[in-house]
> 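The following block contains the structure, expressed as structure tokens.
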Amino acid sequence: MPELPEVETVRRGLAPVLVGAKLIRVEQRRPDLRFPFPADFIARLQGQRIEALDRRAKYLLMRLSSGETLLMHLGMSGRFLIETADDSGKNPQKPGYFYQNTDLSVKHEHVVFHTEEGHRIGYVDPRRFGFMDLIPQDGCDEAPWLRDLGVEPLSNHFDAVVLQRVLAGSKAPLKSALLDQKRIAGLGNIYVCEALHRAGLSPLRVAGTLSGTSAKARQRSDALALAIRTVLQEAVAAGGSSLKDFAAADGSLGYFQHAFRVYDQEGAACPVQGCSGVVERQVQAGRSTFYCARCQT
DNA sequence: CTCACATCCTGGATGC
DNA sequence: TGCATCCAGGATGTGA
């Protein structure tokens, strides 16, 4: 579930259950995910009260009463499964929640949080590209995971001028530059493709061409900054995107995938009014890029 | 420094 | 049905 809108959706789903709750028991089912769990992981969590649940880029940050922060990254396939004490598995699904205890979610449930309030929150991650760490709350922006992250695209600190600055001098393809978390934090493959299409910009264009003082560069960076904000806002409002993997097990109700204009739409007509192009797929830096070569220039 | 690429891991879809 | 192959939302470390 891993781009910014999906992580934000998870945060909003978990917050009502976790914020203010006390962790009375934590289970750790294996020594590592993508990386080893930190030393004394269980002991540093059990007994802590959760004071807040924040998000930075694609990271979830659980603020603990001990003064530490539990940092969690969902990788490609990480998700949370929430059950309440009186939940016999028949409760209706709620946005951002994953209820069904399928074989897959049991087999790949690596961490379980039990709260004093009677909730059981399982972390399920088949591919184990996710990870967890404990970092100090004071100066947590200086933690290695967060230190080099770029601007938060939904914050007030992001606009066309900032976009021009972070792309200045880059000879990388625009698509690759936007995926670079050091420049803008939180974009992934889907929303980069979608934002570029909305802005009418080619993923193959040299990123640095959006910088500079020409009217064209200004116009392009304006369009892209707006497209990035808009697509992320719409996706967050839709509860993120639920993709086809683990379809039977996936209890997510995010529905932004129905609003994709180019992502995973190879061969479809370009949805731009008056454009006669067809959505193409091209591999860039080892990953699929979807775009319309006619209206994205 | 910047960029392209392989790599970690598992499961699903597709093709023979 | 079985098996091989390819693909997937991410990010890091390497080597050029």
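Residue numbers begin at 1 in each chain, while the letters A, B, ... track the order of the sequences.
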> Nearest whole Å is fine: how far is C/dT12 C1' from A/D180 CG?
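My rounded result for the distance is 12 Å.
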
> Figure out the CG/P separation between A/L33 and B/dC8, and round it to whole Å.
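Rounding to the nearest Å, CG of A/L33 and P of B/dC8 are 17 Å apart.
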
> Which range-with-range stems can be found for DNA chain B when each stem has 3 or more Watson-Crick or G-U pairs in a row and both distances sit under 3.5 Å?
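Stems (3+ consecutive pairs) listed as B:2-8 with C:10-16, B:10-16 with C:2-8.
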
> Any idea which of B/dC8, C/dA8, B/dC3 is nearest the A/Y263 side chain?
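Given the options B/dC8, C/dA8, B/dC3, the side chain of A/Y263 is closest to C/dA8.
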
> Does A/R127 make a side-chain donor-acceptor contact with the base of C/dA8, cut-off 3.5 Å?
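It does, because a donor-acceptor pair links the side chain of A/R127 to the base of C/dA8 below 3.5 Å.
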
> Check whether A/R183 reaches the backbone of A/L167 with its side chain - one donor and one acceptor, N or O, closer than 3.5 Å.
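Looks like no, no N/O pair under 3.5 Å.
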
> If we take the P atom in both C/dC6 and B/dA6, what is their distance in whole Å?
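That atom pair is separated by 13 Å.
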
> Who passes ring pair (Phe, Tyr, Trp, His ring centres under 6.0 Å) against A/F290, sequence neighbours left out?
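With sequence neighbours excluded, A/F290 shows a ring pair (Phe, Tyr, Trp, His ring centres under 6.0 Å) to A/Y263, given in chain and number order.
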
> Given A/S65, which partner from the list A/E51, A/R49, A/Q48 fulfils the side chain to side chain donor-acceptor pair (under 3.5 Å) test?
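With A/S65 as partner, A/E51, A/R49, A/Q48 yield a single side chain to side chain donor-acceptor pair (under 3.5 Å), made by A/Q48.
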
> Using atom CG of A/L149 as one end and atom P of C/dT12 as the other, report the distance to the nearest whole Å.
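Value for this atom pair: 8 Å.
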
> When the distance from NE2 of A/H73 to P of B/dC8 is rounded to whole Å, what number comes out?
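Going from NE2 in A/H73 over to P in B/dC8 covers 19 Å.
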
> Ignoring the backbone of A/S170, work out which of C/dT12, B/dC3, C/dG10 is nearest its side chain.
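Nearest nucleotide to the side chain: B/dC3.
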
> Just compare C/dG10, B/dC3, C/dA11 and give me whichever is closest to any side-chain atom of A/P2.
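Within the option list, the nearest is C/dG10.
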
> What is the distance, to the nearest angstrom, from the CZ atom on A/R30 to the C1' atom on B/dC9?
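From A/R30 CZ to B/dC9 C1': 10 Å.
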
> Could you check how far CG of A/N189 sits from C1' of C/dA8, rounded to whole Å?
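Result: 10 Å.
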
> Is any side-chain nitrogen or oxygen of A/H108 closer than 4.0 Å to OP1 or OP2 of B/dC9?
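Indeed not, no polar side-chain atom of A/H108 lies that close.
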
> Using a cut-off of strictly less than 4.0 Å, decide whether A/K58 has a side-chain nitrogen or oxygen near OP1 or OP2 of C/dG10.
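So the side chain of A/K58 is within the cut-off, an N or O lying under 4.0 Å from OP1 or OP2 of C/dG10.
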
> Could you please name the option among B/dA4, B/dC9, B/dG11 that lies closest to any side-chain atom of A/K107?
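Among B/dA4, B/dC9, B/dG11, the one nearest the side chain of A/K107 is B/dG11.
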
> Do NZ/NE/NH1/NH2 and the carboxylate oxygens of A/R25 and A/E27 come within less than 4.0 Å?
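Salt bridge present between A/R25 and A/E27.
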
> How many Å lie between CZ on A/F131 and P on C/dA11, as a whole number?
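To the nearest whole Å, that distance equals 8 Å.
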
> Do A/S66 and A/R44 have side-chain atoms, one donor and one acceptor, less than 3.5 Å apart?
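No, no side-chain donor-acceptor contact under 3.5 Å.
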
> Reckon A/R183 touches a base, only the sugar-phosphate, or nothing at all at heavy-atom distances under 4.0 Å?
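If one applies the 4.0 Å heavy-atom cut-off, A/R183 turns out to touch the sugar-phosphate alone, with no base involved.
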
> Just checking, any donor-acceptor pair under 3.5 angstrom between side chains of A/S202 and A/Q296?
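There is no such pair between these side chains.
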
> Between C/dC7, B/dC3, C/dG10, which nucleotide has the shortest distance from any of its atoms to the side chain of A/K171?
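Among C/dC7, B/dC3, C/dG10, the one nearest the side chain of A/K171 is B/dC3.
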
> Within less than 4.0 Å of OP1 or OP2 of B/dG11, is there a side-chain N or O belonging to A/S77?
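Answer no for this pair, as no side-chain N or O of A/S77 is under 4.0 Å from OP1 or OP2.
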
> So do A/V272 and A/R261 actually touch side chain to side chain, heavy atoms under 4.5 Å?
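A/R261 vs A/V272: side chains apart.
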
> Counting the atoms with a prime plus P, OP1 and OP2 as sugar-phosphate, which does A/R128 contact under 4.0 Å by heavy atoms, base, sugar-phosphate, or nothing?
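Result for A/R128 = sugar-phosphate.
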
> From the set C/dA8, B/dC3, C/dG10, return the single nucleotide nearest to any side-chain atom of A/A172.
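Minimum distance to the A/A172 side chain belongs to B/dC3.
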
> Calculate the interatomic distance between A/D264 atom CG and C/dC7 atom P; express it in whole Å.
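Whole-Å distance recorded here is 13 Å.
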
> With respect to A/E109, which candidate in A/R120, A/R30, A/R128 satisfies the salt bridge (charged side-chain N to carboxylate O under 4.0 Å, His left out) definition?
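It is A/R120, the one option of A/R120, A/R30, A/R128 that forms the salt bridge (charged side-chain N to carboxylate O under 4.0 Å, His left out) with A/E109.
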
> If you look at every strand shown and take non-hydrogen atoms under 4.0 Å, does A/G286 touch a base, only sugar-phosphate, or nothing?
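The answer is nothing, as A/G286 stays clear of every strand by at least 4.0 Å.
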
> Among B/dA4, C/dC7, C/dG10, which nucleotide sits nearest the side chain of A/S176?
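From the listed options, B/dA4 comes nearest.
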
